[in-house]
Amino acid sequence: NAGVMQNPRHLVRRRGQEARLRCSPMKGHSHVYWYRQLPEEGLKFMVYLQKENIIDESGMPKERFSAEFPKEGPSILRIQQVVRGDSAAYFCASSRETSNQPQHFGDGTRLSIL
Amino acid sequence: AQSVAQPEDQVNVAEGNPLTVKCTYSVSGNPYLFWYVQYPNRGLQFLLKYITGDNLVKGSYGFEAEFNKSQTSFHLKKPSALVSDSALYFCAVRDGKGDKIIFGKGTRLHILP
């Protein structure tokens with residue numbers, strides 16, 4: 001029973017490049033959430049998606065960041081023209097449809113910007 | 001707006017002693033409350049949740065949490081701590097109407113051998 005799969009686990013980019021982070025939710029889960037975590041800090045909500053829809057993107061920076069969850073395939077968090085401040089761990093979580101279900105997390109993608 | 005507070009950045013407990021990690025919350029409706037644990041270089045793992053019913057909730061690895069509506073608290077407890085319990089613990093809340101979970105900033109638990 002595979003859990004939430006994120007890849008790559010580690011991603012190194014130079015300033016100005018693009019970063020693409022992928023997340024495959026648990027089987028049967030239709031809700032996907034992206035979070036960002038800085039060292040020794042909590043999780044900051046970024047975006048909540050269902051298949052082909054962005055439900056809540058209140059935590060997403062207005063520029064350079066975008067997310068999608070297509071009908072087929074993984075959810076993608078895309079960061080264009082990365083800057084040093086984008087360095088962080090990015091976690092994806094998924095859940096079933098009902099709101100009393102816990103979120104299940106992947107092991108994250110650690111993004112380092114040179 | 002919903003929020004959750006973990007007032008302690010770090011908690012130190014001797015192995016074998018009881019432990020408590022504190023959490024208070026604020027929501028507009030009925031709260032759904034969760035505890036998660038994070039080990040180094042890993043994602044968060046679900047420990048337990050309170051939705052409705054018994055105020056004392058039992059979860060994984062011998063942990064439990066007590067929902068206290070009047071104090072708006074959901075403290076995590078364990079009767080006898082293990083060194084392997086050392087990790088980062090997150091409390092989270094979702095109000096009954098929303099889909100977004102808000103996480104506390106985390107409490108680092110150190111169990112001393």
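Naming: A, B, ... by sequence-line order, numbering from 1 per chain. Only heavy atoms go into these numbers, but all of them, side chains included; no hydrogens, no water, no symmetry mates.
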Take atom NZ in A:Lys44; do more than 12 heavy atoms of anything else shown fall under 6.0 Å from it?
no
Decide if atom CZ of A:Arg9 counts as having more than 12 heavy atoms of other residues, nucleotides or ligands within a radius under 6.0 Å.
yes
Can you tell which part of B:Gln6 gets under 4.5 Å to a heavy atom of chain A, answering side chain, backbone, both or neither?
neither
Can you classify the ring geometry of B:Phe46 versus A:His104 as parallel (below 30°), tilted (30 to 60°) or perpendicular (above 60°)?
tilted
Do other residues, nucleotides or ligands put more than 12 heavy atoms under 6.0 Å from A:Met5 CE?
no
Is the number of heavy atoms from other residues, nucleotides or ligands within 6.0 Å of CD (A:Gln50) greater than 12?
yes
For the CZ atom on A:Arg13, are there more than 12 heavy atoms of other groups (residues, nucleotides or ligands in this structure) within a distance under 6.0 Å?
yes
Please look at A:Gln103 and chain B and tell me whether the side chain, the backbone, both or neither of the residue comes under 4.5 angstrom of a heavy atom of that chain.
both
Side chain, backbone, both or neither of B:Ile102 within contact of chain A (heavy atoms, under 4.5 Å):
neither
Does atom CD of A:Glu63 have more than 12 heavy-atom neighbours from other groups under 6.0 Å away?
no
Between A:Tyr35 and B:Phe90, does a ring-ring contact (aromatic ring centres under 6.0 Å, His included) hold up when you go through it step by step?
CA-CA 14 Å; A:Tyr35 296 87; B:Phe90 290 96; 9.9 Å; no
Atom group of B:Asn41 that falls short of 4.5 Å from chain A, counting heavy atoms
both
Would you check if A:Leu43 and B:Gln38 make a side-chain contact, meaning some heavy-atom pair closer than 4.5 Å?
no
Between A:Phe91 and B:Tyr36, is the gap from one ring center to the other below 6.0 Å?
no
Would one find more than 12 heavy atoms of other residues, nucleotides or ligands at under 6.0 Å from atom NZ of B:Lys22?
no
Test your reading of the model: is there a side-chain donor-acceptor pair from A:Asp107 to the backbone of B:Gly43, 3.5 Å cut-off?
yes
